[in-house]
Amino acid sequence: MKNEMDDYYKILGVKRDATAAELKKAYRKMAQKHHPDLADEGSKDKAKAEFQKVQQAYDVLKDPEKRQLYDQLGPDFERMSGGGGGRPYQGFPGGGQGGFDFSEMFGEQGPGAGPGGRTPGGGGGFGFEDIFRQFTGGGPGRGDRARPKAASKGADIQASVTIPFAVAIEGGETAVPIQRGGRSETLKVKIPAGIEDGKKMRLRGQGDTPPGAPPGDLLLTVQVAEHPCFRRTSDNLIAILPITVAEAIKGARIDVPTPKGTVTVTVPPGSSSGKKLRLRGLGVRGKDGAGDLILELSIVLPETIGSDATRVAEQLESLWANQIPRQHLRW
């Protein structure tokens with residue numbers, strides 16, 4: 001029985017009857033997932049080991065003859081079938097006859113490829129030979145020159161900032177105090193419109209800067225202060241709109257402040273407290289467009305009620321004597 005860790009089908013995440021196209025698709029996905037260049041500094045060795053397993057599995061399964069032998073004899077098929085020398089891919093990349101084909105991972109064009117999918121022979125860019133040098137310490141035509149080890153990246157810095165509610169909705173700029181290089185500094189940071197409370201921002205290159213090494217990053221946690229009138233629910237803004245008794249009875253046109261400026265809303269005649277008016281597109285700007293502004297009406301009485309107001313209230317009550325507003329109230 002094959003060792004599960006050497007099960008090439010499991011390594012690529014495919015079924016045993018996978019087609020050539022399914023193998024290739026799975027290989028590209030897994031190779032990019034485990035590519036050491038895309039891994040954090042501390043996990044490059046682990047990524048390289050996983051990357052080797054993925055490459056080895058695909059080199060075998062994409063070849064019909066090798067795949068048939070593997071299915072019959074397991075991962076030691078070459079030794080058991082008389083090939084000798086153990087696994088032909090030891091010493092990745094380029095070991096044995098399988099080699100490493102970046103066109104399989106990145107499509108017809110590898111990293112740094114020019115027209116036709118081929119890496120230019122000279123000049124800058126990121127070519128196949130750079131990958132070979134990275135893993136083997138040499139490369140085609142340059143095996144006698146070891147690549148110098150890159151300096152470690154500077155440490156990341158953690159910081160937090162509280163921004164006004166309006167800045168979170170509309171976007172803007174804020175000052176962020178940080179400690180960097182043993183001294184206090186203040187950075188000007190652009191806040192994107194619609195940022196949510198507790199959101200983390202990564203500001204690349206704004207961390208510690210050790211001599212001779214690339215700087216780290218600033219990891220910024222954004223807290224949003226409460227607003228005295230507005231609150232946010234997803235991409236919608238909600239506010240209480242106070243109205244007078246007369247406005248509730250007769251209806252009114254009222255100016256309301258919004259993120260896009262002052263707008264005039266119409267309160268329908270006979271509006272009760274709790275009635276909601278929806279202003280579409282005046283909420284928070286998101287990826288799929290802006291949310292809405294929802295205004296909840298609230299009838300507000302004067303702090304002082306005189307005898308004249310009481311008489312008017314009695315007259316109003318006599319007009320609606322047959323109405324019982326609490327008739328549907330139940331336990």
Side-chain angles (χ1 to χ4, degrees), residues 31-52 102 105-106 110-112 119 122-139 142 144-228 232 235 259 284-287:
Q32 292 185 53
K33 176 181 178 181
H34 296 294
H35 196 287
D37 280 353
L38 304 179
D40 295 334
E41 193 67 31
S43 58
K44 284 187 178 294
D45 290 342
K46 180 180 179 181
K48 179 180 175 182
E50 295 297 326
F51 193 50
Q52 290 175 337
F102 275 94
M105 174 178 169
F106 295 100
T119 305
F126 184 69
F128 294 167
E129 61 186 52
D130 297 312
I131 295 293
F132 279 106
R133 288 200 306 275
Q134 177 178 342
F135 290 116
T136 64
R142 304 187 188 182
D144 56 344
R145 288 195 298 170
R147 181 168 181 156
K149 185 177 180 180
S152 298
K153 174 184 170 183
D156 292 340
I157 296 175
Q158 301 273 353
S160 63
V161 65
T162 300
I163 61 174
F165 187 88
V167 173
I169 302 304
E170 303 176 57
E173 192 174 71
T174 190
V176 179
I178 64 170
Q179 292 288 329
R180 182 169 60 180
R183 64 181 186 274
S184 299
E185 298 183 43
T186 300
L187 297 179
K188 292 291 186 181
V189 177
K190 289 185 177 180
I191 302 296
I195 193 168
E196 298 180 62
D197 182 53
K199 181 73 173 181
K200 295 184 183 296
M201 298 175 59
R202 178 181 289 272
L203 306 178
R204 300 194 180 279
Q206 297 296 335
D208 278 335
T209 310
D217 301 335
L218 170 61
L219 305 178
L220 180 64
T221 301
V222 178
Q223 306 290 343
V224 180
E226 293 185 356
H227 194 282
R232 177 178 180 174
D235 286 342
V284 184
R285 294 199 302 272
K287 294 181 180 179

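These figures come from a predicted structure and were not determined experimentally.
- Using a distance-only test at 3.5 Å, with no hydrogens or angles considered, a donor-acceptor pair links the side chain of D156 to the main chain of D217.
- Counting heavy atoms from C-beta outward, I195 and M201 have side chains that approach closer than 4.5 Å.
- A 4.5 Å side-chain heavy-atom check between V189 and L203 finds at least one atom pair inside the cut-off.
- In this structure, L218 CG and R204 CZ are separated by 12.0 Å, a value rounded to the nearest 0.5 Å.
- Residues passing the side chain to side chain donor-acceptor pair (under 3.5 Å) test with Q179, sequence neighbours excluded: S184.
- To the nearest 0.5 Å, the span separating OG1 on T209 from CD1 on I157 amounts to 7.5 Å.
- Residues Q223 and D197 have side chains in contact (heavy-atom distance under 4.5 Å, counting atoms from C-beta outward).
- By the side chain to side chain donor-acceptor pair (under 3.5 Å) test, K200 pairs with T221, sequence neighbours left out.
- The shortest non-hydrogen separation linking G194 to V284 is CA-CG1, 3.6 Å.
- Contacts of E185 classified as salt bridge (charged side-chain N to carboxylate O under 4.0 Å, His left out), with partners at least two apart in sequence or in another chain: R180, R183.
- Contact annotation: the side chain of V167 never approaches that of T174 to less than 4.5 Å [non-hydrogen atoms, C-beta and beyond].
- Residue D208 holds its CG atom at 11.5 Å from NZ of K153, rounded to the nearest 0.5 Å.
- What you find for V224 and E196 is that their closest heavy atoms are CG2-C, 4.2 Å.
- Residue-environment remark: CD (E226) stays at or below the threshold of 12 foreign heavy atoms within 6.0 Å.
- Nearest heavy-atom pair across K188 and A175 is NZ-CB, 4.2 Å.
- In terms of heavy atoms, H227 sits closest to F165 at CB-CG, 3.6 Å.
- The two residues P259 and E170 make their nearest non-hydrogen contact at O-OE1, 3.7 Å.
- Taking each heavy atom of G154 and P210 in turn, the nearest pair found is CA-CD, 3.4 Å.
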